[in-house]
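Per chain, numbering begins at 1; letters A, B, ... match sequence-line order. This is a predicted model, so every value here is computed, not measured. Quick note: numbers below take in every heavy atom, side chains included, and nothing from hydrogens, waters or symmetry partners.
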Number of protein chains: 4
Amino acid sequence: MVGRSEESRQAILKSTLKLLGVGARGGTTIQKLSIEAIAKRAGVSKSTIYRWWDNKAAVVIDAFVTEYLTHTPVRDDVPFEQALREHVAAVVHQYAGVDGRLVAQLIAEAQYDPATLQEFHNRFWGGRRSAVEALIRRGVEEGVVRSDVEPGMIANLVYGPVYLRLLLGGGPLDDGFATELVELALDGIGVRSSALREPARR
Amino acid sequence: MVGRSEESRQAILKSTLKLLGVGARGGTTIQKLSIEAIAKRAGVSKSTIYRWWDNKAAVVIDAFVTEYLTHTPVRDDVPFEQALREHVAAVVHQYAGVDGRLVAQLIAEAQYDPATLQEFHNRFWGGRRSAVEALIRRGVEEGVVRSDVEPGMIANLVYGPVYLRLLLGGGPLDDGFATELVELALDGIGVRSSALREPARR
Amino acid sequence: MVGRSEESRQAILKSTLKLLGVGARGGTTIQKLSIEAIAKRAGVSKSTIYRWWDNKAAVVIDAFVTEYLTHTPVRDDVPFEQALREHVAAVVHQYAGVDGRLVAQLIAEAQYDPATLQEFHNRFWGGRRSAVEALIRRGVEEGVVRSDVEPGMIANLVYGPVYLRLLLGGGPLDDGFATELVELALDGIGVRSSALREPARR
Amino acid sequence: MVGRSEESRQAILKSTLKLLGVGARGGTTIQKLSIEAIAKRAGVSKSTIYRWWDNKAAVVIDAFVTEYLTHTPVRDDVPFEQALREHVAAVVHQYAGVDGRLVAQLIAEAQYDPATLQEFHNRFWGGRRSAVEALIRRGVEEGVVRSDVEPGMIANLVYGPVYLRLLLGGGPLDDGFATELVELALDGIGVRSSALREPARR
DNA sequence: CGATAAACGAGACGGTACGTCTGGTCTTGTG
DNA sequence: CACAAGACCAGACGTACCGTCTCGTTTATCG
């Protein structure tokens, strides 16, 4: 047995990112990115790519996760609310740039291929989610998060608006958005709760 | 001047929906749907399609909105909270079926073409949003919704999780989800507020 | 009855010639000339063209003959040999320019459409041919052309090489060619005849 | 390296000839022959054709020359005059059939594309021409052809009328035509020469 | 250390669909 | 009622990639 060429693998992933314009201005979309272009740029034959990846999306997600992804870790050395605010701000900030476009396009691809969705979960989204869910469980323990709703649902409430704005626009992905989102999620939209909490924070 | 053939237009839109499998089991994805297939099925020449629509997504969105869309109206004859619950339940229910797949794929296409995103806003998403924002304004007037956050942001908080689940899965789109979502949005995830409200509702 | 619009007819024929680049440098080939382009340039609708001409070639030949063709008349006030030399020189000269390309392309079109060939005969080639045949009959009467071969065949011998060079190249269409051609046609390629005649001409 | 598939090449050329109706009655013209039709009939993809040939004419000329062309060789074991007569008769005979139509259409295509003209010269016409020119040089050596005119010009005189009749009609391409043509070319149209030679041949 | 089996580059192949173009027909007002 | 305007069907064009498939040619263990 000889085994896979690490050299080729690297070249392919690097080329993919370059073609997608990560870190630069230009760049194609995932849709227009072609396996042939990757192969040519990587100095690799098409068969080598098809041997190790199932489709374009698999290559892209691999490139994205392995080579590039800036992490947005969840701190566990600060109180729940601060950790949440910082995390949401970090996520929103990351998505405001090129990463956002890429993640959006990955989600787009995932609409057409369950395997891509699966990979997206396994290698990217799953990690984030469980970090946040852990944080939420900590919040429950700290007594600042309600315990009658499962953490996954709560994570949804926080991430949902971020992805909605990422995918459909309708406003900027900036710190103001992050702040307002966390506040709203914490207190709810109902008038009574906010009326109660607001003085407590000022 | 002679003008556009309404007959052709109808045939094209109908064929598009049929090919997408709306109302039936089979069906392609938008990605695999081809202009050539639409033309063939509609008994129309390709140029006729290209004459009136810019790209595939434009045809699909036109077909979707014009011919098909089930409305999920927002009632104004019941109290705010009931109207919100019913609307969210209706939306969630609609997205659980074929419509959901189509909307998801439209959003996917919108990631690659600003014009498609625009159309999505103009002809579909915008309507929903403004209906909900009006509802929220009513809630503010009724004194049950906080007035310190713009309605758009609040709409985001409600719709975000729905679209997140539609696009990334992670749980069913069912009545339970709808109920839990509305409750969470109203009260927030913070423990104090929920502790206060909960007794009041039981 | 209102009858055909002479104005349109003129505009169509003029436009055809312009588009073919007659009298100018640029110009398309007949093959690439499109009815639509003619219609647009003439400010006329396509149907008007199709109403009066069967196809593109018919328009072109009409334009060519009616509006443009420089005549290369056969003189009858000079001896046979001189008249022949002058005519051949004129023809060769005409074909060396834009006319040549057009005639060549008309012949090309005629290979695909018998009607075009017919028109080419009726309106262009037939006239030339019969003029030359008349000249040859005069030569026979003058006693300088053999009488045992039909004039058409002799015309062939003279015109054939001209068209061959026009269509397939292989040398310039210039005065030298014309002179040599006439001489060769008159005397033949056989050595004895030329040996006899040559001294007589020097 | 794997290299070109001879199988496909054969299939393409054969199909081209079949579609052109070579050897059969029906058949299209080169103009109406489409690359798509060739591909379909050959069980080959369009890209394979475009990979190896520049355009339709290139395929046709390749098919014609490689697979089909009946040779009309020039004998060198008989006296000049006999060899010439036989060759002209063979050419005329060949052109009277389907080959003639094809050659005529190739010449038509050559009017629109210099590359086609070049190929026509390189692979078909050039061969014939040089064979005849060689024959003429032999005639000069044998002392039966005049030496004061270049062989190419003489070849023109012989071939010109054949192609003229092929392209523009005006009479049959038969043995009578061939015989008369050679006689005329040899002796010229002038009366004195023919008067001299005629007795010598009877 | 030399055999051997994999991974590799190169790239041809059958396909599908693209978006553009032209041809020729048909329809509907307008002058 | 001839015309302009131009929509329409039909279908070929040449291009771009797809994913599969030979081919030799490295190359790195393992017998």
Given B/N55, B/I12, B/I49, B/T16, the one that forms side-chain contact (heavy atoms from CB on, under 4.5 Å) with B/I35: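 Checked B/N55, B/I12, B/I49, B/T16 against B/I35; only one passes side-chain contact (heavy atoms from CB on, under 4.5 Å): B/I49.
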
Exercise: do C/Q10 and C/E6 side chains pair donor with acceptor under 3.5 Å: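 Side chains of C/Q10 and C/E6: pair found under 3.5 Å.
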
Any donor-acceptor N or O pair under 3.5 Å, side chains B/T66, B/R123: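 Note: B/T66 and B/R123 side chains meet the donor-acceptor criterion.
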
Nucleotide of [options] approaching [X] most closely (side-chain heavy atoms):
X	options	value
B/S34	E/dC18, E/dG24, E/dC13	E/dC18
D/S8	E/dC13, E/dA7, F/dC9	E/dC13
D/Y50	E/dC13, E/dG15, F/dT15	F/dT15

When you check the phosphate oxygens OP1 and OP2 of [N], does a side-chain N or O of [X] lie under 4.0 Å from one of them?
X	N	answer
A/R51	E/dA7	no
D/T48	E/dG14	yes
D/W52	E/dC13	yes

DNA chain E: 5'-proximal contact among B/K56 and D/E6 (nearest heavy atom):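 This one resolves to D/E6.
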
Toward the 5' end of DNA chain E, by each residue's nearest nucleotide, B/L33 or C/L33: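 Between the two, 5'-proximity favours B/L33.
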
First encountered from the 5' end of DNA chain F, between A/K32 and D/I35: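 Checking each residue's closest nucleotide, the 5'-ward one belongs to D/I35.
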
DNA chain F: 5'-proximal contact among B/S47 and D/A37 (nearest heavy atom):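 On the 5' side of the pair lies B/S47.
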
Within 45° cone and under 6.0 Å: D/R4 NZ/CZ vs D/W52 ring: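 The answer is yes; both the distance and angle limits are met.
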
Separation of atom [atom1] in [X] from atom [atom2] in [N], rounded to whole Å:
X	N	atom1	atom2	result
D/E36	E/dG15	CD	P	14 Å
A/I49	F/dC18	CD1	C1'	13 Å
D/L19	F/dA12	CG	P	12 Å
B/N55	E/dA17	CG	C1'	15 Å
A/D113	F/dG19	CG	P	11 Å
C/E7	F/dA4	CD	C1'	13 Å
C/R41	E/dT22	CZ	P	16 Å
A/I38	F/dA16	CD1	C1'	15 Å

E/dG14 base / D/K46 side chain donor-acceptor hit below 3.5 Å: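 Flag unset: no donor-acceptor pair detected.
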
Ring geometry between D/W125 and D/F120 (parallel below 30°, tilted from 30 to 60°, perpendicular above 60°):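 Answer is parallel, since the angle falls under 30°.
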
